[in-house]
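Residue numbers begin at 1 in each chain, while the letters A, B, ... track the order of the sequences. Heavy atoms only: backbone and side chains are in, while hydrogens, waters and symmetry mates are out.
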Protein chains: 2
Amino acid sequence: MTDIKTAANPLFLREEELRQGIEMLFFAYRDFTAEPDRILAEYDYGRAHHRVIYFVGRNPGLAVSELLEILQITKQSLSRVLGQLVREGFVQQKAGTQDRRRRHLHLTPRGYELERRLTETQAGRFARAYRAAGAEAVEGFRTVMLGLINERDRARFEGRGGERPGVRAPRGD
Amino acid sequence: MTDIKTAANPLFLREEELRQGIEMLFFAYRDFTAEPDRILAEYDYGRAHHRVIYFVGRNPGLAVSELLEILQITKQSLSRVLGQLVREGFVQQKAGTQDRRRRHLHLTPRGYELERRLTETQAGRFARAYRAAGAEAVEGFRTVMLGLINERDRARFEGRGGERPGVRAPRGD
DNA sequence: TTTTTATGTCAGTCATGTTGACTTAATTCG
DNA sequence: CGAATTAAGTCAACATGACTGACATAAAAA
């Protein structure tokens, strides 16, 4: 109650709290990526491949430019991993019908299989954490996470089960 | 209320919810690291340097082996960035008094200065997110984050302002 | 018809991770 | 005490995934 630190120096607690947030994000991300990394190594793939497979699986028909927007990397960086995934039969490209310059990305059955394996481990981690924490904590978690994400991308998370907004091209394939 | 998806297919909502968690973590981490990356570039440093500076600043006297434990990388990977930071006067090493094999790491004044700059941007992001979300949401956030982190490292986050457990060597310098 | 856009490619570079082998100094164990 | 273990560091070779810059092609838009 009258803890000397919180009473005399309220900023001390604040800084401690914020640092714990910083560290939690570091450790959570570190552990969150460790299992998929091991699976990917079987295929001689890395985290970059995972991100492509995940977001293409999540947004079938995604255009290359939209994927670049999500990943925030250059097209030269993307092209290596995307090229591999296409050549090795995990991702398929289809030219757009409206705009034939655009290449819409889809997972092949093989791609879906890998996507499932990878997502299962991460979804399992979330399922355990959510279950242990309870619905109210999950709501708080979502609120804070949204606040940590740059405003531009928050709209991706409107609604919980319904329509799935954002990301998709307005007039896509 | 009687939404067809939640009523007829409860697992659909669950999967959607878990995927949103996965994506939030991806976007939060992406945005969380972007600003420090720009500051580090001024010094010709990268994320690896940031991690060393952060954890040494947070745990003065940390031993090399403990840092490796936190970062989960090999000592060869660490040695490159740590060597640079020591040579360029951001980090100082002191041999232990009890066990003279151990090198205890400390930030120099210069190191602290950079640490402050880097941490301020990330702490500011957390401060804004926490403030907007409210105390209850923050509690939920912490609970879920803890559940996402491998059990081994959860002890680091016991207590909010007080003693700061974990990490430090039992009989350190 | 000209310009812009979407995509792809080539070439070179850098940061950061890996494995494996080996050294040195100090502590601990039998 | 002597042998084994531990903490740290080093050298070499390599892989991944970022980057910049320059250029090419096809299709759409102005």
(message) Base of C:dG8, side chain of A:Arg103 - is there a donor-acceptor contact under 3.5 Å?
(response) no

(message) Once salt bridge (charged side-chain N to carboxylate O under 4.0 Å, His left out) is applied, do any residues pair with B:Glu113, and if so which ones, sequence neighbours excluded?
(response) none

(request) Could you list the residues that satisfy salt bridge (charged side-chain N to carboxylate O under 4.0 Å, His left out) with A:Arg110, not counting sequence neighbours? (result) none

(message) For C:dT18 and B:Ser77 - does any side-chain N or O of the residue sit under 4.0 Å from the phosphate oxygens OP1/OP2?
(response) yes

(request) Look at the side-chain N and O atoms of B:Gln98 and state whether any lies under 4.0 Å from the OP1 or OP2 oxygen of C:dA26. (result) no

Looking at the side chain of [X], which of [options] is the nearest nucleotide?
X: B:Val81; options: C:dA21, C:dG8, C:dT16; answer: C:dT16
X: B:Lys75; options: D:dG9, D:dA7, C:dT7; answer: D:dG9
X: B:Ile73; options: D:dC19, C:dG20, C:dT18; answer: C:dT18
X: B:Thr74; options: C:dT16, D:dT10, C:dT19; answer: C:dT19
X: B:Gln76; options: D:dT20, C:dG8, C:dT19; answer: C:dT19
X: A:Val64; options: C:dT18, C:dG8, D:dA28; answer: C:dG8
X: A:Arg100; options: C:dG17, D:dA28, D:dA8; answer: D:dA28

Please state how far atom [atom1] in [X] lies from atom [atom2] in [N], giving the value in whole angstrom units.
X: B:Leu82; N: C:dT16; atom1: CG; atom2: C1'; value: 14 Å
X: B:Asp37; N: C:dA15; atom1: CG; atom2: C1'; value: 11 Å
X: A:Arg80; N: C:dA11; atom1: CZ; atom2: P; value: 14 Å
X: B:Asp99; N: C:dT28; atom1: CG; atom2: P; value: 6 Å
X: B:Arg102; N: C:dT24; atom1: CZ; atom2: C1'; value: 18 Å
X: A:Leu71; N: D:dC19; atom1: CG; atom2: P; value: 10 Å
X: B:Glu69; N: D:dA8; atom1: CD; atom2: P; value: 12 Å
X: B:His104; N: D:dA7; atom1: NE2; atom2: P; value: 12 Å

(message) By the definition side chain to side chain contact (heavy atoms under 4.5 Å, CB included), identify the one residue from B:Leu85, B:Leu82, B:Val52, B:Val56 that meets it with B:Phe90.
(response) B:Leu85

Taking only residues two or more places apart in sequence, or in another chain, which ones meet [X] in a side chain to side chain contact (heavy atoms under 4.5 Å, CB included)?
X: B:Glu136; result: A:Glu136
X: A:Thr74; result: A:Gln76, A:Ser77
X: A:Asp153; result: A:Ile149, A:Arg156, B:Phe27, B:Arg30
X: A:Arg19; result: A:Glu15, A:Glu23, B:Tyr54, B:Arg58, B:Glu115, B:Arg116, B:Thr119

(request) Test salt bridge (Lys or Arg N to Asp or Glu O under 4.0 Å) on A:Glu66 and A:Arg102 and set out the steps. (result) CA-CA 10 Å; A:Glu66 292 166 335; A:Arg102 292 168 74 94; 3.4 Å; yes

(request) Establish, yes or no, whether a centroid distance under 6.0 Å links the rings of B:Tyr29 and A:Phe32. (result) no

(message) According to salt bridge (charged side-chain N to carboxylate O under 4.0 Å, His left out), does anything in residues 68-92 of chain A pair up with another residue at least two apart or in another chain? List the pairs.
(response) A:Glu69-A:Arg152

(request) Sort and list the pairs that fulfil salt bridge (charged side-chain N to carboxylate O under 4.0 Å, His left out) and have at least one residue in residues 39-57 of chain A, not counting sequence neighbours. (result) A:Asp37-A:Arg47, A:Glu42-A:Arg117

(message) Would you say that B:Thr108 contacts B:Val91 through its side chain, given a criterion of any heavy-atom pair below 4.5 Å between the two side chains?
(response) no

(request) Using five pairs at either end of the helix from C:dT1-D:dA30 to C:dG30-D:dC1, determine the angle between the two local helix axes and round it to 10 degrees. (result) 30°

(request) Identify, residue by residue, the members of residues 41-50 of chain B with a heavy atom below 4.0 Å from DNA chain C, and return them in order of residue number, or none. (result) B:Gly46, B:Arg47, B:Ala48, B:His49

(request) Indicate, with a heavy-atom threshold strictly under 4.0 Å, whether B:Gln84 touches base, sugar-phosphate, or nothing. (result) nothing

(message) Base, sugar-phosphate or nothing for A:Ser65? Non-hydrogen atoms, less than 4.0 Å.
(response) sugar-phosphate

All N/O contacts under 3.5 Å from nucleotides 2-5 of chain C to the protein, with atom names and distances to one decimal?
| from | atom 1 | to | atom 2 | distance (Å) |
| --- | --- | --- | --- | --- |
| C:dT5 | O2 | A:Arg101 | NH1 | 2.6 |

(request) Please list, chain by chain and in numerical order, all residues satisfying side-chain hydrogen bond (donor to acceptor under 3.5 Å, both in side chains) with A:Glu120, sequence neighbours excluded. (result) none

